[in-house]
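Here the structure is laid out as structure tokens; the discussion comes afterwards.
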Amino acid sequence: MRKHLLFTVALVVCCWTGNGQDVVNLRMSREQLGLRGAVSSLDEDHLERKDYFRSDWPQRSWFRKDLRQFLQETDGRIITFRSNGLLNEVTYTRQGVKGRTTSCTYSRGGLLNHFTGDGYKMEAAYKGNQVDVNLFAETRSYDQKVDLARADLNTTAFKYTYPFDMKCRQQLSDENRVLRSTYYYIDSMPAREYNYVYDYRGLVTEERLRDYSRGGDGTEVVTSYRYDGNGFLISKSVKGIAADDLYTYRNNKWGDCVELKIDYAYGTTVYDFEYEYDSIGNWTMRLCFKDGEFLDATLRTLTYYKMSRKQRSASDGELVLAFDEPAYESDDVATHADGAPKKGKAQVKSKRAPEQTERQAPTTVKRSKKGEASSAPEASSKKSASKEAKASKKKDAKSAADKPKGQSQKQQTVKQNKSEKTAVKKTDKASKKKDQGANADKKSNKKEQKQTVATDKKQQSDKQAVKAEKAAKKAQAKADKERAKAEKAALKEQQKAEKAAKKAQAKAEKERIKAEKAAQKERAKAEKEAKKAQEKAAKSSKKAKNK
């Protein structure tokens with residue numbers, strides 16, 4: 001017989017005790033995760049404090065620049081999305097090492113047909129507006145030779161199996177929203193039932209949970225949700241026999257929670273979150289503080305699909321990507337005090353174009369004025385040609401008058417017409433030559449203008465590249481300096497702690513030696529007194545014998 005050890009996730013089995021959770025989510029998409037833009041993959045790592053962590057570090061700039069140096073990575077996941085936004089695969093990681101990869105298959109309308117999660121597996125079958133979902137709990141199966149009581153289960157080889165755990169039947173609306181979820185045990189006895197109420201925006205406003213695990217008609221827990229005008233969750237209240245909790249959310253303009261206040265029956269807990277965003281509006285770093293003390297951090301690396309210049313986000317119509325390039329990783333940028341992102345690279349690029357056109361405008365005007373100046377001689381040449389034609393006509397008329405009267409009037413007219421034609425031809429030739437010269441000037445001006453614009457663009461790009469390189473070097477030098485400073489401070493603290501430990505050890509050794517000496521003195525004194533008493537007793541016995 002093979003030995004089995006069941007490891008189930010709280011979302012499936014453990015949630016059946018206390019306030020449970022409806023684990024069946026038929027939609028797996030980047031919108032469900034609150035991502036913006038055409039995200040193709042998301043690499044998310046969870047970081048926690050190390051043993052030598054100091055509470056004042058999160059306030060330092062160098063701490064945020066290199067979180068991995070001061071925190072330890074625990075778990076994470078790598079999620080890939082299809083081009084239509086649906087989740088494709090999930091790879092689970094542990095301390096940076098990739099584990100198993102699970103994939104999704106979909107049915108009608110982008111609803112899940114099969115999904116293997118962290119600790120469970122689900123299979124859905126659709127019949128009209130009804131969905132039957134089978135849930136399987138994750139099991140680690142070890143070889144029968146393994147002694148589970150003594151073996152290190154973190155390094156022992158095992159296989160994943162999925163025995164049947166529960167069945168869930170869901171009722172959907174015409175818009176594929178879940179109206180009711182009912183969970184059943186293996187013997188078809190009801191375990192839990194969830195009922196949902198939605199507002200006109202399709203947001204859940206009320207969730208009613210009836211738990212039958214304690215028998216009878218079950219206990220009811222009602223969760224109410226409130227949203228602001230942007231559809232961001234601002235409060236959640238949970239009321240039941242064993243719960244009366246109020247969750248209050250304060251969000252930034254991106255809809256990410258910057259403060260979560262939880263009022264329990266026994267007290268209040270406040271979580272604060274700080275973010276850094278990329279140029280698209282997705283957060284790449286999140287720091288979590290519990291009651292003012294640093295708790296953990298989450299890092300994200302996002303990759304986006306290539307999108308056309310005219311592609312816009314379906315959610316709010318804003319430009320998602322302002323350039324045509326292959327898929328790229330997001331740029332980590334700083335944030336304002338309220339958590340909103342500063343301008344990223346894409347926004348900066350879009351802002352540079354107007355500046356360039358403004359700078360080019362004066363040169364264009366100058367070129368056009370030059371063109372006008374070059375066309376002015378052409379008009380003056382035409383005027384001078386007409387003047388010459390008139391002068392030649394007068395000259396011909398005068399010469400005709402000076403000729404002898406014997407010459408016929410007809411011959412004079414023919415000669416006069418010939419002279420006029422030749423004068424017109426000369427004028428036309430001169431104007432054509434001048435037109436050709438003006439066109440050549442225009443072409444040269446245009447060519448010169450293009451060269452000037454290209455030169456200006458190149459100079460600007462060179463300046464920007466030099467500026468960016470200087471800024472990068474400066475930032476790197478600053479980071480190196482801060483890191484060296486932090487390492488030096490940590491080393492000092494370590495040396496100080498070692499000195500204190502040595503001092504305490506030496507003091508303890510002195511105290512021990514002192515105590516041993518005192519004990520030896522007391523022992524010698526006791527032995528001396530015992531010897532005296534023995535001698536005294538011997539003397540007294542002698543006296544008694546003599547008597």
Side-chain angles (χ1 to χ4, degrees), residues 8-17 19-33 81-82 84-90 102-138 162-225 227 231 236 238 240:
T8 55
V9 168
L11 291 178
V12 180
V13 176
C14 297
C15 69
W16 306 124
T17 59
N19 294 327
Q21 182 179 357
D22 189 358
V23 300
V24 176
N25 178 16
L26 298 177
R27 295 185 182 276
M28 291 284 187
S29 64
R30 54 188 174 221
E31 286 74 17
Q32 291 292 115
L33 296 177
F81 300 92
R82 301 181 182 183
N84 58 1
L86 296 177
L87 186 144
N88 185 38
E89 287 184 347
V90 181
T102 65
S103 57
C104 304
T105 60
Y106 296 90
S107 183
R108 59 171 196 181
L111 298 180
L112 274 175
N113 189 39
H114 177 275
F115 175 67
T116 303
D118 189 9
Y120 70 100
K121 182 174 72 172
M122 59 169 286
E123 295 175 352
Y126 298 87
K127 297 177 183 178
N129 286 353
Q130 181 176 298
V131 188
D132 288 331
V133 183
N134 291 326
L135 294 173
F136 304 87
E138 185 177 276
Y162 294 91
F164 182 82
D165 186 52
M166 281 191 172
K167 186 173 184 177
C168 175
R169 176 165 290 174
Q170 292 193 334
Q171 188 68 32
L172 305 180
S173 67
D174 294 336
E175 296 82 14
N176 289 333
R177 294 172 187 156
V178 179
L179 301 177
R180 183 185 296 108
S181 291
T182 307
Y183 290 84
Y184 299 92
Y185 293 114
I186 297 177
D187 55 2
S188 298
M189 292 293 293
R192 287 176 179 268
E193 182 178 281
Y194 296 83
N195 288 277
Y196 299 94
V197 179
Y198 298 85
D199 64 4
Y200 67 95
R201 296 172 291 185
L203 301 173
V204 178
T205 57
E206 185 180 83
E207 176 189 274
R208 288 186 173 271
L209 161 63
R210 186 165 291 278
D211 186 2
Y212 298 100
S213 60
R214 298 178 183 178
D217 295 333
T219 57
E220 189 175 60
V221 177
V222 180
T223 305
S224 301
Y225 302 88
Y227 306 89
K236 179 179 77 170
V238 182

What do the steps show when you test Tyr194 against Val221 for side chain to side chain contact (heavy atoms under 4.5 Å, CB included), and what is the final call? CA-CA 10 Å; Tyr194 296 83; Val221 177; over 6 Å; no
Output, in order, the C-alpha distance, side-chain angles, deciding distance and verdict of side chain to side chain contact (heavy atoms under 4.5 Å, CB included) for Leu111 and Leu172. CA-CA 11 Å; Leu111 298 180; Leu172 305 180; 4.0 Å; yes
Verdict with supporting geometry, Phe136 and Met122, side chain to side chain contact (heavy atoms under 4.5 Å, CB included): CA-CA 6 Å; Phe136 304 87; Met122 59 169 286; over 6 Å; no
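For the atom pair Asn129 CG and Glu175 CD, the distance stands at 9.5 Å (nearest 0.5 Å). To the nearest 0.5 Å, atoms OG1 (Thr219) and CZ (Arg210) are separated by 8.0 Å. If you take CD on Glu207 and NZ on Lys236, they are separated by 8.5 Å, rounding to the nearest 0.5 Å. Going from atom CD of Glu123 over to atom CG of Asn113 covers 8.5 Å, rounded to the nearest 0.5 Å. Between the CG atom of Asp132 and the CZ atom of Arg169 there is a distance of 4.5 Å, given to the nearest 0.5 Å. With rounding to the nearest 0.5 Å, the separation of OG1 in Thr223 from OH in Tyr196 is 9.0 Å.
Taking every heavy atom of both residues into account, Phe115 and Cys104 meet most closely at CD1-SG, 3.2 Å. Of all heavy-atom pairs spanning Glu31 and Gly85, the tightest one is OE1-O, 4.3 Å. Closest non-hydrogen pair, Ser29 versus Phe81, comes out as C-CE2, 4.0 Å. Across all their heavy atoms, Arg30 and Arg82 have their closest contact at NH1-O, 3.6 Å. Between Asp211 and Ala191 the shortest heavy-atom distance is OD1-O, 3.4 Å. For the residue pair Val204 and Tyr225, the shortest heavy atom distance occurs at O-CB, 3.3 Å.
Under the 4.5 Å side-chain criterion, counting only non-hydrogen atoms from C-beta, Tyr227 is in contact with Arg201. At a threshold of 4.5 Å between non-hydrogen side-chain atoms, the residues Leu87 and Tyr106 count as touching. Residues Tyr184 and Leu135 are not in side-chain contact: their nearest non-hydrogen atoms beyond the backbone lie 4.5 Å or more apart. You'll find the side chain of Leu86 stays beyond 4.5 Å of the side chain of Met28, heavy atoms only. The shortest side-chain heavy-atom distance between His114 and Lys121 falls under the 4.5 Å cut-off. For the pair Tyr212 and Arg192, the minimum side-chain heavy-atom distance is 4.5 Å or more. The closest side-chain heavy-atom distance from Asn195 to Leu179 is not below 4.5 Å.
With hydrogens and angles left out, the side-chain atoms of Gln170 and Ser181 include a donor and acceptor closer than 3.5 Å.
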